[in-house]
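Have a look at the structure below before the remarks.
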Protein chains: 2
Amino acid sequence: MSKYSRQREMILDALTGNRCHPTADWVYNHLKPDNPALSMGTVYRNLNFLVERGLVRKLSVPGEADRFDGQADTHMHFRCRQCGSLIDLKGEAAEEILDFARRFRDLTGLEMDPAGLVLEGRCEACSGDSPGNCS
Amino acid sequence: MSKYSRQREMILDALTGNRCHPTADWVYNHLKPDNPALSMGTVYRNLNFLVERGLVRKLSVPGEADRFDGQADTHMHFRCRQCGSLIDLKGEAAEEILDFARRFRDLTGLEMDPAGLVLEGRCEACSGDSPGNCS
DNA sequence: CTAATAACAGTAATCGTTACTATTATTCAA
DNA sequence: TTGAATAATAGTAACGATTACTGTTATTAG
């Protein structure tokens, strides 16, 4: 059904060996120098392929390009509207969200999917009095 | 600073007198028949203006056009990934989210903004065994 | 009434993403 | 090992949502 390709492997590697949450554009520019023939279509096609296979998570950020996460463990994200940083929510924070999801389901009958969840607000650094402390 | 315009008033009215969550395109097509000169730029400019003024809420849905909500009371939303419906979360469900936001802040120091929140998952109708029950 | 300017309509441009097409690479069975 | 079948590619064109630009119209304040 699906065939091996060097490009797909490189694209996956670029995500798994990376703690940030790259955009398709970042992946493209990251791999382009060593692979001058790489095309943007290939990057998008493979990212979507990997998302479908569950190897990669897609994170939607309003008004910006989608971000992709190659971390295997289930976790959620928080985005600061002020400084734009995307923060991983693991451990206790992740548990808190899962607890909420259960209570929310029992109350409303709505089965929310915590995977791919991106909460939005203001991070600790940006909540301080001093403005501009979050370049 | 800002001047009155008939178009802005109409656009606001189209949202407040409406329980669904229209897109810019919907607003445009809704008003166009009675206002043949209306332009899309005017719709977007005014929607963004109203959002900045806090009279209207913008709801981002991954991969789709933004939706706008003219309901005055603070509430959140749930989107079913299967049938696409956008459900208002008020009363108990809204309280549950606000409770969660407080606990989450205390735990992580992250100040999430419940306004504009769109949780994603599967609605009750789509969670049933029978497939296709949610046209 | 008039000058200043916010808002407009119409159109072009932008951005992220997907679709198309001809070519290349992988696979699997003879 | 060869070769047909076809997945995946590179390159480019198209797409949809949104914003930016430009010359004109409408509102406002003196």
Side-chain angles (χ1 to χ4, degrees), chain A residues 1-15 20-53 55-69 79 81 84 86 116 118, chain B residues 1-15 20-53 55-69 79 81 84 86 116 118:
Chain A
M1 192 112 270
S2 78
K3 291 180 182 174
Y4 169 86
S5 91
R6 196 176 48 82
Q7 290 89 335
R8 179 172 296 163
E9 189 172 43
M10 291 190 324
I11 289 166
L12 180 56
D13 286 350
L15 290 183
C20 75
H21 307 88
T23 59
D25 193 63
W26 185 95
V27 172
Y28 176 76
N29 289 123
H30 181 69
L31 299 175
K32 188 73 173 173
D34 292 332
N35 308 269
L38 182 66
S39 92
M40 203 63 185
T42 298
V43 173
Y44 273 106
R45 185 163 10 83
N46 281 292
L47 287 172
N48 288 331
F49 176 92
L50 294 168
V51 168
E52 273 168 29
R53 292 299 172 98
L55 294 165
V56 162
R57 206 74 48 72
K58 184 189 284 196
L59 307 175
S60 295
V61 181
E64 294 185 12
D66 290 341
R67 296 183 165 271
F68 296 87
D69 189 331
R79 177 181 146 79
R81 289 215 181 100
L86 200 54
V118 182
Chain B
M1 191 113 272
S2 79
K3 292 180 180 172
Y4 170 85
S5 90
R6 197 175 48 83
Q7 291 88 335
R8 179 171 297 162
E9 189 172 43
M10 290 190 325
I11 289 166
L12 179 56
D13 286 349
L15 289 183
C20 74
H21 307 88
T23 59
D25 194 62
W26 185 94
V27 172
Y28 176 77
N29 289 122
H30 181 68
L31 298 175
K32 189 72 174 174
D34 293 332
N35 308 268
L38 183 67
S39 92
M40 204 63 185
T42 297
V43 174
Y44 273 107
R45 185 160 13 82
N46 280 292
L47 287 172
N48 288 333
F49 175 92
L50 294 167
V51 168
E52 273 167 28
R53 292 298 172 98
L55 293 165
V56 161
R57 207 71 51 71
K58 185 189 282 196
L59 307 175
S60 295
V61 180
E64 293 184 13
D66 290 342
R67 296 182 166 271
F68 296 86
D69 189 331
R79 178 180 145 78
R81 289 214 181 101
L86 200 54
V118 183

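Residue numbers begin at 1 in each chain, while the letters A, B, ... track the order of the sequences.
For the pair A:M40 and B:N46, both in contact range of DNA chain C, the more 5′-proximal nearest nucleotide belongs to B:N46. Between B:F68 and B:K3, the residue whose closest nucleotide on DNA chain D is further toward the 5' end is B:F68.
Of the listed nucleotides (D:dA17, D:dT9, C:dG16), D:dA17 has the atom at the smallest distance from the side chain of B:A65. Considering only the side chain of B:Y4, D:dT27 comes nearest among D:dT27, D:dT9, C:dA9. Taking only side-chain atoms of A:T42, from C-beta outward, the nucleotide of D:dA8, C:dA7, D:dT9 with the closest atom is D:dT9.
Across all strands, B:E64 comes closer than 4.0 Å to no nucleic acid atom at all (heavy-atom distances). Using a 4.0 Å heavy-atom cutoff across all strands shown, A:Y44 reaches at least one base atom of the nucleic acid. Among the protein residues, A:D66 comes within range of the sugar-phosphate backbone only, with heavy atoms under 4.0 Å from sugar or phosphate atoms but none that close to a base. Among the atoms of the strands shown, none is found under 4.0 Å from any heavy atom of A:R6.
Between the CD atom of B:Q7 and the C1' atom of D:dA26 there is a distance of 9 Å, rounded to whole Å. Rounded to an integer number of Å, the gap from A:F49 CZ to D:dA8 C1' is 10 Å. Remark: P of D:dC15 and CG of B:D25 are 16 Å apart, rounded to the nearest angstrom. The nearest whole Å value for the distance from the CG atom in A:L38 to the P atom in D:dA8 is 16 Å. Protein atom CG of B:N48 is 9 Å distant from nucleotide atom P of D:dT18, rounded to whole Å. Across the protein-nucleic acid pair, B:K58 atom NZ and D:dT18 atom P stand 7 Å apart, rounded to whole Å. When rounded to the nearest whole Å, the span between CE of B:M1 and P of C:dT5 equals 10 Å. In this entry the distance linking CZ of A:R53 with P of D:dA8 reads 8 Å, nearest Å.
Side-chain atoms of A:V43 and A:Q7, non-hydrogen and from C-beta on, never get closer than 4.5 Å to each other. Looking at heavy atoms from C-beta onward, B:R79 lies in side-chain contact with B:E64 at the 4.5 angstrom threshold.
Checking the phosphate oxygens (OP1, OP2) of D:dA8, a side-chain nitrogen or oxygen of A:R8 falls inside 4.0 Å. An OP1 or OP2 oxygen of D:dT9 is reached within less than 4.0 angstrom by a side-chain nitrogen or oxygen of A:S5.
When each of B:L47, B:D69, B:D66 is checked for a side chain to side chain contact (heavy atoms under 4.5 Å, CB included) with B:K58, only B:D66 meets the rule. Test A:L59, A:V27, A:L50, A:V56 against A:F68 for side chain to side chain contact (heavy atoms under 4.5 Å, CB included) and you get one pass: A:V56.
Checked by atom type and distance alone, the side chain of A:K32 pairs as donor or acceptor with a backbone atom of A:L38 at under 3.5 Å.
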